[in-house]
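Take a look at the structure below.
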Amino acid sequence: MSKIIIPLARPYLEGNELKYVQECIKGGWISSLGKFVAKFEEQFSTFCDSRYGISTSNGTAAIHLALETLGIGKGDQVIVPDLTFVATANAVYYTGAKPVFVDSETLTWNIDPQKIEEKITPKTRAIIVVHIYGHPAQMDKILNVAKEHNLYVIEDACEAHGALFKGRKVGSISHLGVFSFYGNKIISTGEGGMITTNNKKLNERARFLRDHAMSKNKRYFHPEVGFNYRLTNIQAAIGLAQLEKINYIIRKKIEIAHTYNSLLKDSKEIILPPQEKCVKNVYWMYSILVKNGKRDRLMENLKDCGIESRPFFIPMHRLPAYRLKEKFPVSDNLSRQGINLPCFVEIRNSEIEHICNKIKKILRRK
Ligand SMILES: *Cc1c(COP(=O)(O)O)cnc(C)c1O
């Protein structure tokens, strides 16, 4: 095993994290009651230009809760991009509904808006959009299709905190947005998640279902089967400290991506990450495509140099639980060629230069 010298991701904890966590412990508020939870929900939803924020125990729980909030369940179908992290599809599966996969587009690597309509049936209830690796999907086209067919739209913004589509914050453009605060996400609470919405009824419904669906007026009376998907005060304390630095973190990520772009732009075997004019890409990961079947070898050689990287997600239609014979040529191609490179706040320019030099050297070999 070669030693990892430059990791793919690393949380940036140089702020008030420790101070706020100490406050929780000293005051005894370590569970899901306490001032940090409400503060974090309020300030994160404000950051997202959304009226309400409902914190959850993780991003997967946030997607599941969003679907349950909309009343989606057995017999329903939900449109999901074929290229995403498995949690998006699994959350649909948990409700008893069926995830229906749509191929990616080459332009943004996100769900192809042109291919959604052909997958809509009388059973379709919602579309989950994923803003993959930090680049927003084409929300205007997707919202048009949804409106025409009377479908809900959920934005899985787990990889795109702070990204903009035509000046609007992702997670606030549709009925419900969902975010993750896992260790490698743009900001982290260790594990954690959030639903954002502008709709008062959806906010109330999501909170009710998240907190065991307990009646407001009668303790221990539960008119429905609910969940315990709460975030703790300790996690929210970390989240609040992270949120104080989120604009700096995003600025850094964009800067890192520009440095990579300038160093890799002349390589003929590399396709740089998408950057549409009308969006702000927040580069959760710095991601490139490697042509000519050289991706896997590149990753192996980088590992030998102590540089961590990740391949793109395996498309949903290739996983045992969701296997399909149908063809998804674009997502298959992205999945075969895509690689995520280190993109964390404290990476040094000299490290990025080192990574790019190695990449170019490895790709020059026959
Ligand atoms: C990380 C992620 C999730 C799940 O978040 P967890 O907090 O790990 O449960 C869901 N969807 C996407 C696209 C993600 O990247």
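Ligands are counted one by one from 1 in listed order, and the atoms in each one are counted from 1 as well.
In the model, Glu255 has no side-chain atom that pairs as donor or acceptor with a side-chain atom of Tyr283 under 3.5 Å. Side chain to side chain, Glu17 and Gln242 meet the donor-acceptor criterion of an N or O pair below 3.5 Å. Side-chain contact annotation: Glu276 with Gln138, donor-acceptor N/O pair under 3.5 Å absent.
In this structure, Lys123 has no side-chain hydrogen bond (donor to acceptor under 3.5 Å, both in side chains) partners at least two apart in sequence or on a different chain. With sequence neighbours left out, His64 forms a side-chain hydrogen bond (donor to acceptor under 3.5 Å, both in side chains) with Glu68, Tyr229.
Among residues at least two apart or in separate chains, salt bridge (Lys or Arg N to Asp or Glu O under 4.0 Å) pairs with a member in residues 129-158 are Asp140-Lys166.
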Close N/O pairs between ligand 1 and protein, under 3.5 Å:
{"residue": "ligand 1", "atom": "5 (O)", "partner": "Ser180", "partner atom": "OG", "Å": "3.3"}
{"residue": "ligand 1", "atom": "7 (O)", "partner": "Gly59", "partner atom": "N", "Å": "2.7"}
{"residue": "ligand 1", "atom": "7 (O)", "partner": "Ser180", "partner atom": "OG", "Å": "2.7"}
{"residue": "ligand 1", "atom": "9 (O)", "partner": "Gly59", "partner atom": "N", "Å": "3.3"}
{"residue": "ligand 1", "atom": "9 (O)", "partner": "Thr60", "partner atom": "N", "Å": "2.9"}
{"residue": "ligand 1", "atom": "9 (O)", "partner": "Thr60", "partner atom": "OG1", "Å": "2.5"}
{"residue": "ligand 1", "atom": "11 (N)", "partner": "Asp156", "partner atom": "OD1", "Å": "3.4"}
{"residue": "ligand 1", "atom": "11 (N)", "partner": "Asp156", "partner atom": "OD2", "Å": "2.8"}
{"residue": "ligand 1", "atom": "15 (O)", "partner": "Glu159", "partner atom": "OE2", "Å": "2.5"}
{"residue": "ligand 1", "atom": "15 (O)", "partner": "Lys185", "partner atom": "NZ", "Å": "3.1"}

